[in-house]
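Just below is one structure, and these are the notes that go with it.
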Amino acid sequence: MDQKTRWNTTGGNAWVELQAVTDRALAPFVAPLLDGVEGAVLDVGCGTGATTEAAAQVATRVVGVDVSAPMIEAARARTDKAEFVVADAQTHGFDERFDHVISRFGVMFFDDPVAAFANLGRAGRQLRVIAWRGPEENPFHLAAERAAKPVLPDLPERDHDAPGQFAFGDRGKVERILAEAGWHGVEVHELDVECTLPASALETYFTRIGPVGIALNDHDERTRERVVAAVRPAFEPYVDGDEVRYVAATWLITAHQ
Ligand SMILES: C[S@@+](CC[C@H](N)C(=O)[O-])C[C@H]1O[C@@H](n2cnc3c(N)ncnc32)[C@H](O)[C@@H]1O
């Protein structure tokens, strides 16, 4: 499934359904993302608009762009303080120049990241984006697929170099992409953040979001129950009372034109 289809169907729908859960889990990234951000702001891969809404509190003008129609619909319902566009940020011709281009986990899905970041360089002067470090540093995000594998043997192996969650895991690759795309002063800093979700939402989370969630769209209720039984214990180390806690190992990436 290509990224545009994924985010307009199963993937995007799950993020809309779990908006409150992902908003809470990723809320600690809002402050580092917006540090020093002002003026006109473009939020790339803005999803359901949590960071776009937050940016609207510090910026004079904010536009959120996302390839997912259902996620942009949710973003528009969230706030009228920002403008939202359904478009592919890799190729969309932005008809204004922004002071800041920001993104929380919205820039790892490009087919041609150099061309995409060159396009974003025409759209804005300062870049400030957050992306995942490698899978080995983010075991929470692999727990479901590892534990589900015996029940879902056809679950595709992740290609961490292909467009997707961990496509920016390698620091050198990120630096090369941005330099080739014409960005200057590239800095890639480690940003480790503790995230939480309600323990009551854990089962919905791992059966709706990520590769297991996508795969379960094609399986019956009986298989879903077997997956839950296999996967639930794998999250036990992360459960703390009524919360699930994990450390998100990410990059804070900055650059300028
Ligand atoms: C992991 S979600 C993050 C959403 C949001 N930034 C947040 O932090 O809640 C990734 C987002 O990137 C969007 N996306 C993927 N490829 C894109 C592209 N080529 N152009 C614009 N948005 C894209 C997806 O539709 C999705 O909303």
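Both counts, for ligands and for their atoms, begin at 1 and track the order of listing.
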**Prompt:** Hey, does T22 sit under 4.0 Å from ligand 1 if you only count heavy atoms?
**Reply:** no
**Prompt:** Do you know which two heavy atoms are closest between I72 and C46, and how far apart they sit?
**Reply:** CD1-SG, 3.6 Å
**Which of the ligand 1 atoms, numbered from 1, are nearer than 4.0 Å to a heavy atom of F110** = 18 (C), 19 (N)
**Prompt:** ligand 1 and A89, any nitrogen or oxygen pair closer than 3.5 angstrom?
**Reply:** yes
**Item:** Heteroatom proximity flag, D66 to ligand 1, N/O under 3.5 Å
**Value:** yes
**Shortest non-hydrogen separation from A74 to Q19 and the atoms involved** = CB-OE1, 3.6 Å
**Message:** Give me the nearest non-hydrogen protein atom to atom 19 (N) of ligand 1 as residue plus atom name, then the distance to 0.1 Å.
**Reply:** D88 OD1, 2.9 Å
**Message:** Using modelled atom types and a 3.5 Å cut-off, is there a donor and acceptor pairing between side-chain atoms of D170 and backbone atoms of K173?
**Reply:** yes
**Message:** Are any of the N/O atoms on G45, whether in the backbone or the side chain, positioned under 3.5 angstrom from an N/O atom of ligand 1?
**Reply:** yes
**Message:** Hydrophobic cluster membership, with links at side-chain heavy-atom distances under 4.5 Å among I/L/V/M/F/W/Y: are V86 and L120 in one?
**Reply:** no
**Parallel, tilted or perpendicular: ring planes of Y238 versus F235, cut at 30 and 60 degrees** = tilted
**Request:** Over all heavy atoms of both residues, which pair between L33 and V129 is shortest? Give the atoms and the distance, please.
**Result:** CD1-CA, 4.4 Å
**Prompt:** Mind checking whether W15 has an N or O less than 3.5 Å away from an N or O of ligand 1?
**Reply:** no
**Asked** Going by heavy atoms, is C46 under 4.0 Å from ligand 1?
**Response** yes
**Request:** Please work out whether any backbone atom (N, CA, C, O) or any side-chain heavy atom from C-beta onward of A87 is under 4.0 Å from ligand 1, and answer side chain, backbone, both or neither.
**Result:** backbone
**Request:** Do me a favour and list the nearest non-hydrogen protein atom to atom 10 (C) of ligand 1 with residue, atom name and distance?
**Result:** F105 O, 3.3 Å
**Complete:** Here the pair of heavy atoms bringing V151 nearest to A230 is CG2-CB, 4.0 Å
**Request:** Ignoring hydrogens, just give me the one of R104, Q90, M108 whose non-hydrogen atom is nearest atom 9 (O) of ligand 1.
**Result:** R104
**Asked** Does M71, backbone or side chain, put an N or O under 3.5 Å from an N or O of ligand 1?
**Response** no
**Donor-acceptor contact below 3.5 Å, side chain W132 vs main chain N138** = no
**Request:** Find out if a path of hydrophobic residues (ILVMFWY) with successive side-chain heavy-atom gaps under 4.5 Å connects V44 to V41.
**Result:** yes
**Item:** Verify same cluster id: F140, V239 (apolar side-chain graph, 4.5 Å)
**Value:** yes
**Residue-ligand contact F29/ligand 1, heavy atom below 4.0 Å** = no
**Item:** Proximity flag T51 to ligand 1, non-hydrogen atoms under 4.0 Å
**Value:** no
**Message:** If the threshold is 4.0 Å, N to carboxylate O, is there a salt bridge linking R76 and E73?
**Reply:** no
**Request:** Look at atom 22 (N) of ligand 1 and say which protein heavy atom is nearest, naming residue and atom and giving the distance to 0.1 Å.
**Result:** V67 N, 3.2 Å
**G106 neighbourhood, listing ligand 1 atoms whose heavy-atom distance to it stays under 4.0 Å** = 12 (O)
**Asked** In terms of residue, atom name and distance, what is the protein heavy atom nearest to atom 16 (N) of ligand 1?
**Response** F109 CB, 3.6 Å
